[in-house]
Amino acid sequence: MTQQAEFQSIDAVQAELARVGYICGRALATVVFLSARLNRPLFLEGEAGVGKTEIAKALSALTGRPLIRLQCYEGLDAASAAYEWNFAAQMVAIRTAEATGDTDRRALQNELFSEDYLIARPLLQAMQPDPRGAPILLIDELDRTDAPFEAFLLEALSDFQVTIPELGTIKAVEPPMVILTSNRTREVHDALKRRCLYHWVDYPDFERELEILHAQVPQAAQTLSREVVAFVQALRTEDLFKKPGVAETIDWANCLLALDVVNLSPETIADTLGALLKYQDDIARLQGSEAKRLLDQARASLEER
């Protein structure tokens, strides 16, 4: 089944993603639909924890296609991202040839730089055929890499191919669905962005975040879920170093369930802030009366709904 056949409409994308627990707005569903229909990479930017990575996992679960993840980091290069040669096996082959007296260097060289000694990394794996269909290639946190790696990606994303000097160009028979994410710690070059469809994944509003929480933590009571979402929404209005994302909302709800919490209290909030906030300065801001103030603000907003 082709990607085009999997999604017949934007509404179908929304409904099908919701079926596997990923709740998204129509704008995001639209770019997902277009990415699948046009075979264009999808570039998602937004704060950490808003669901950029999860959409790739949801699409894999929904379509049955394998998910290949390339986790980016500073210093990532082509060898780590696309392929590398199995030097240990090559050295064994060389020693074996020397021991047996095989002096045909050209034949040995051809053998050493054949696919038998090639280790495929995520980019090359995504170009190879798979009986389950073209994979979903997740290039996660691209902003952690540098400009040379972005330049290397241009060929892969433009023509869905990887060039190996010793073997030639390997082109995907069926292009993978590519999703790139960035937390925008730095700007990604325009040349790479132009090859992609773009969408900014923002924090959800109250209703959508509540719907997400119901999908991810269905065992949480309605009253607690509403208080959790309202408190997190109020917390995001504060001047914090790192505002909590949807992932933190879900983690916090699970923590509260593990503690058998029925309703929020300032004491419970203070005890479990480590699930929401990851910087000591932010946690220190919520000590004492601040937690109660935000909880009162959250409850007041619930009364208005």
Side-chain angles (χ1 to χ4, degrees), residues 1-4 35-36 38-43 56 59-60 63-142 144-181 188-189 191-192 194-196:
M1 180 183 296
T2 64
Q3 289 165 350
Q4 289 88 335
S35 175
L38 303 175
N39 284 330
R40 290 282 301 278
L42 176 57
F43 189 92
L59 286 169
S60 176
T63 63
R65 295 174 180 270
L67 174 64
I68 298 176
R69 180 174 181 172
L70 173 61
Q71 180 62 55
C72 298
Y73 55 87
E74 186 177 354
L76 179 65
D77 58 12
S80 302
Y83 71 94
E84 61 181 318
W85 293 105
N86 190 336
F87 293 117
Q90 287 174 326
M91 288 303 300
V92 170
I94 292 171
R95 298 302 183 199
T96 301
E98 290 175 346
T100 59
D102 186 351
T103 58
D104 189 342
R105 293 191 176 185
R106 182 174 294 276
L108 179 59
Q109 183 176 358
N110 290 337
E111 178 189 347
L112 292 177
F113 292 100
S114 65
E115 292 189 11
D116 292 339
Y117 293 89
L118 186 67
I119 300 174
R121 296 304 183 194
L123 282 180
L124 183 56
Q125 290 172 14
M127 305 299 169
Q128 297 172 334
D130 191 293
R132 294 168 293 177
I136 294 170
L137 173 61
L138 171 63
I139 303 175
D140 210 11
E141 298 184 327
L142 180 62
R144 291 190 175 204
T145 63
D146 51 22
F149 182 74
E150 286 185 32
F152 168 73
L153 277 181
L154 291 178
E155 178 191 20
L157 299 187
S158 296
D159 302 312
F160 296 105
Q161 65 184 31
V162 172
T163 299
I164 302 174
E166 298 85 355
L167 290 178
T169 299
I170 297 177
K171 187 176 178 66
V173 176
E174 184 181 356
M177 185 173 188
V178 182
I179 297 177
L180 304 96
T181 75
V188 174
H189 198 278
L192 187 58
R194 284 199 303 271
R195 285 159 174 79
C196 307

Show your reasoning for whether side-chain contact (heavy atoms from CB on, under 4.5 Å) applies to M127 and Q161. CA-CA 7 Å; M127 305 299 169; Q161 65 184 31; 5.6 Å; no
Backbone of L76 reached by a side-chain donor or acceptor of S80 within 3.5 Å: no
So how far is it from M177 CE to L67 CG, rounded to the nearest 0.5 Å? 11.5 Å
Give the intermediate values and the outcome of side-chain contact (heavy atoms from CB on, under 4.5 Å) for residues Y117 and E111. CA-CA 8 Å; Y117 293 89; E111 178 189 347; 3.2 Å; yes
Please report the shortest heavy-atom distance between Q90 and L112, naming the atom on each side. NE2-O, 2.9 Å
Would you confirm whether S35, through its side chain, and P41, through its main-chain N or O, come within 3.5 Å as a donor-acceptor pair? no
May I ask you to say whether K171 pairs ionically with D159, meaning some side-chain N is under 4.0 Å from a carboxylate O? no
Looking at every non-hydrogen atom in both residues, tell me the closest pair between S60 and P66 and how far apart they are. OG-C, 4.0 Å
Under 3.5 Å donor-acceptor, E150 side chain and H189 backbone: yes
May I ask you to decide if G168's main-chain N or O and T163's side chain share a donor-acceptor pair within less than 3.5 Å? no
Value for CG (D140) from CZ (R69), rounded to nearest 0.5 Å, stands at 4.5 Å
Return a table of donor-acceptor pairs under 3.5 angstrom between the side chains of residues 128-139 and protein atoms on other chains or two or more places apart.
residue: D130; atom: OD1; partner: R132; partner atom: N; Å: 2.8
residue: D130; atom: OD1; partner: R132; partner atom: NE; Å: 3.1
residue: D130; atom: OD2; partner: R132; partner atom: NH2; Å: 3.3

Which value, rounded to the nearest 0.5 Å, describes the distance between F113 atom CZ and L108 atom CG? 9.5 Å
Is a side-chain N or O of E84 found less than 3.5 angstrom from the main chain of I119, in a donor-acceptor match? no
Can you name the nearest heavy-atom pair linking L142 to T145, along with the distance? O-OG1, 2.7 Å
CZ of R195 to CZ of F43: how many Å apart, nearest 0.5 Å? 13.5 Å
Option passing side-chain contact (heavy atoms from CB on, under 4.5 Å) with L180 (candidates L70, L42, L157): L157
CD of Q71: more than 12 outside heavy atoms within 6.0 angstrom? yes
If the plane angle is over 60° it's perpendicular, under 30° parallel, otherwise tilted; pick one for Y83 and W85. perpendicular
Can you measure from CZ (R121) to CD1 (I68) and round to the nearest 0.5 angstrom? 13.0 Å
Using only atom types and a distance under 3.5 Å, with no angle test, would you say the side chain of T96 pairs donor to acceptor with the backbone of V92? yes
Atom pair CG/CE of N86 and M91 - distance to nearest 0.5 Å: 12.0 Å
Indicate the atoms forming the closest heavy-atom contact of N39 with P175, along with that distance. ND2-CG, 4.3 Å
Please give me the minimum heavy-atom distance between C196 and L192, naming the atom from each residue. SG-O, 3.4 Å
Compare every heavy atom of V162 with every heavy atom of A82, then report the nearest pair and how far apart it is. CB-CG1, 4.1 Å
